[in-house]
Amino acid sequence: MKKNKKRIRKKILCTILAAWVLASCPVSIFAEEQETADNRSNEENTGAKLAGLTYDHSLELEYATQFSVDYYEDGYTLLTIVDDGQFLLVPEGKEAPAGLDEEITVIQQPVENIYLVATSAMDFFCVLDGLDHIKLAGTDADGWYIDEAKEALENGSILYAGKYSAPDYEQILAQNCGLAIESTMIYHTPEVKEKLEQSDIPVLVEHSSYESHPLGRTEWLKLYAVLLGKEEEAERLFKEQADKLKNVETSENTGKTVAFFYINSVGAANVRKSNDYISKMIELAGGKYIFDDLGEEENALSTMNMQMEEFYASAKDADYIIYNSTIDGELSSIDQLLAKSSLLEDFKAVKNKNVWCTEQNFFQEPMGLGTMIEDIHTMLTTEGTAADQMTYMHKLK
């Protein structure tokens with residue numbers, strides 16, 4: 001009995017002593033240990049470990065979710081495109097590390113003689129003063145609304161090398177192409193991508209169209225800046241567009257409704273779906289897209305066609321109309337609009353002369369999305385001289 005009592009007293013004393021030691025131990029020790037564990041976990045979760053390379057840091061993104069950039073010591077950089085693969089940028093004069101995962105595509109810097117098929121990427125190269133890195137294009141001169149690109153195709157500094165589905169392989173190889181930048185249309189002809197890759201040409205598929213936020217598309221500027229080594233310039237240019245959005249976001253919502261569409265060749269109205277980035281731009285500008293819940297679950301396409309009678313019933317009371325000039329061409333007058341469908345004459349926006357049209361360069365210039373949001377906001381909040389203040393829209397007379 002006495003031995004049992006001694007054992008119990010001994011256990012109690014040990015428990016008290018252990019509690020005292022824990023209580024008197026500096027919290028910082030445990031915090032440092034936890035922080036170290038968290039950092040180790042974070043590094044593992046970013047997928048930052050690469051054979052033979054030491055991870056340094058990652059690029060911070062504000063809106064884009066479809067790509068990431070991880071920097072490593074000695075100038076190596078890993079680009080990751082969601083659902084499309086990873087690309088290791090290898091500095092000039094260096095080689096890819098031994099043991100690199102074979103699924104990672106190597107791009108040797110400097111990146112020269114690019115075959116650019118994704119039209120939305122051209123604007124990024126122009127604003128970064130990187131047009132000289134492009135040698136081949138998938139769109140000929142008459143298909144460009146960006147002046148610099150059109151001029152380069154006309155004077156021969158950039159050569160037309162065939163569209164995405166039918167590239168001129170012989171010309172591409174002869175020009176020693178260092179990278180092909182494709183749009184997601186390439187997924188319809190996977191054999192083209194395979195053939196380019198079999199010719200040792202890295203193929204990067206532009207996914208900016210998958211971004212849910214308009215400025216997520218603009219932020220792809222930073223990915224191309226990494227290719228060109230112009231990250232600081234990209235940060236400055238992106239901030240200009242982000243600041244325009246932030247200035248608009250401080251304003252109150254106007255509650256005014258907007259219809260965005262064009263009339264196609266069979267007389268139907270082609271409209272943006274409710275979750276499309278154009279619809280979101282209208283909301284961010286302080287307006288309300290006229291269609292609350294349109295086609296969100298049907299398919300991945302951002303637009304859909306509506307018969308004019310259905311479009312009339314849903315959109316005739318919209319406060320504003322923005323006519324999409326991308327496919328059908330620009331309009332200058334309301335009469336030109338009414339020539340496409342007499343039903344439009346009864347629309348509230350037509351009667352009040354609140355009808356606008358996009359400029360054709362708009363969809364080729366993702367660097368202007370902040371400006372376009374600003375334009376829409378000006379349309380919704382300014383009378384009279386508003387038409388003279390626009391960059392990507394004009395008012396129909």
Side-chain angles (χ1 to χ4, degrees), residues 79 87 89-90 92 105-186 188-189 191-206 208-209 217-218 220-230 233-234 237 325-327 329-330 359-368 391-392:
L79 307 178
F87 304 82
L89 296 183
V90 177
E92 185 175 8
T105 300
V106 173
I107 300 176
Q108 192 72 47
Q109 291 182 304
V111 185
E112 304 289 358
N113 302 322
I114 294 172
Y115 171 42
L116 182 65
V117 182
T119 55
S120 59
M122 180 65 82
D123 193 33
F124 297 135
F125 282 90
C126 288
V127 299
L128 290 169
D129 194 24
L131 212 58
D132 57 332
H133 290 261
I134 301 172
K135 187 60 182 178
L136 306 153
T139 302
D140 211 344
D142 59 0
W144 288 104
Y145 299 102
I146 299 175
D147 291 339
E148 297 96 320
K150 188 178 185 69
E151 182 180 345
L153 266 296
E154 289 175 342
N155 65 29
S157 58
I158 294 179
L159 306 173
Y160 176 60
K163 62 180 183 178
Y164 76 95
S165 58
D168 185 339
Y169 296 107
E170 185 176 342
Q171 185 181 37
I172 292 170
L173 289 172
Q175 293 298 328
N176 194 27
C177 178
L179 174 67
I181 300 176
E182 299 277 354
S183 72
T184 54
M185 292 295 290
I186 196 66
H188 297 294
T189 55
E191 66 277 6
V192 172
K193 183 173 184 289
E194 290 175 9
K195 190 166 183 177
L196 289 170
E197 291 172 334
Q198 287 169 1
S199 301
D200 293 326
I201 297 173
V203 179
L204 186 154
V205 182
E206 226 273 356
S208 65
S209 62
R217 295 181 172 222
T218 304
W220 274 68
L221 168 74
K222 297 179 181 179
L223 181 141
Y224 296 106
V226 173
L227 289 176
L228 303 179
K230 297 188 176 186
E233 179 67 1
L237 291 167
S325 69
T326 308
I327 304 298
E330 291 184 20
E359 306 288 340
Q360 285 199 282
N361 61 334
F362 166 58
F363 284 96
Q364 287 188 358
E365 297 186 6
M367 277 308 299
T391 301
Y392 292 112

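Distance CG/L116 to CG/L179: 9.0 Å, rounded to 0.5 Å. Atom CG of D123 and atom CG of L128 lie 9.5 Å apart (nearest 0.5 Å). The CD1 atom of I181 sits 13.0 Å away from the CD1 atom of I186 when rounded to the nearest 0.5 Å. Between atom CD1 of residue I158 and atom CG of residue D132 there is a gap of 9.5 Å, rounded to the nearest 0.5 Å.
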Could you give me the CA-CA distance, side-chain angles and deciding distance for S325 and E359, then say whether side-chain contact (heavy atoms from CB on, under 4.5 Å) is met? CA-CA 7 Å; S325 69; E359 306 288 340; 5.7 Å; no
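Residues satisfying the side chain to side chain contact (heavy atoms under 4.5 Å, CB included) criterion with D168, sequence neighbours excluded, are E170, Q171. A search for side chain to side chain donor-acceptor pair (under 3.5 Å) contacts involving T184 returns nothing, not counting sequence neighbours. In this view, N361 and E365 satisfy the side chain to side chain donor-acceptor pair (under 3.5 Å) rule, not counting sequence neighbours. In this structure S165 satisfies the side chain to side chain donor-acceptor pair (under 3.5 Å) test with no other residue, sequence neighbours excluded. Residues passing the side chain to side chain donor-acceptor pair (under 3.5 Å) test with Q364, sequence neighbours excluded: none. Residues passing the ring pair (Phe, Tyr, Trp, His ring centres under 6.0 Å) test with F87, sequence neighbours excluded: none.
The nearest pair of heavy atoms linking T218 to F124 is O-CE2, 3.6 Å. Summarising the geometry of A118 relative to S183, their closest heavy-atom pair is CB-N, 3.8 Å, with the distance given to 0.1 Å. For L159 against Q175, the heavy-atom pair with the smallest separation is CD1-NE2, 3.7 Å. What you find for Q109 and L89 is that their closest heavy atoms are NE2-CD1, 3.8 Å.
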Donor-acceptor pairs are to be reported for all side-chain atoms of residues 220-229 against protein atoms at under 3.5 Å, with residues two or more places apart or in another chain.
unit_1, atom_1, unit_2, atom_2, d
W220, NE1, E211, OE2, 2.9
K222, NZ, E219, OE2, 2.8
Y224, OH, E206, OE2, 3.1

Throw together a table of side-chain donor-acceptor distances under 3.5 angstrom for residues 191-204, partners on residues two or more places apart or in other chains.
unit_1, atom_1, unit_2, atom_2, d
K193, NZ, E197, OE2, 2.8
S199, OG, K195, O, 3.1

Listing, residues 133-153 side-chain donor-acceptor contacts under 3.5 Å, not counting sequence neighbours, or none:
unit_1, atom_1, unit_2, atom_2, d
H133, ND1, V111, O, 2.9
W144, NE1, T139, O, 2.9
Y145, OH, Q360, NE2, 3.4
K150, NZ, A141, O, 3.2

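The only option from E182, M185, M122, K163 that meets the side-chain contact (heavy atoms from CB on, under 4.5 Å) definition with V117 turns out to be E182.
The list of ring-ring contact (aromatic ring centres under 6.0 Å, His included) pairs with a residue in residues 153-181, not counting sequence neighbours, is empty.
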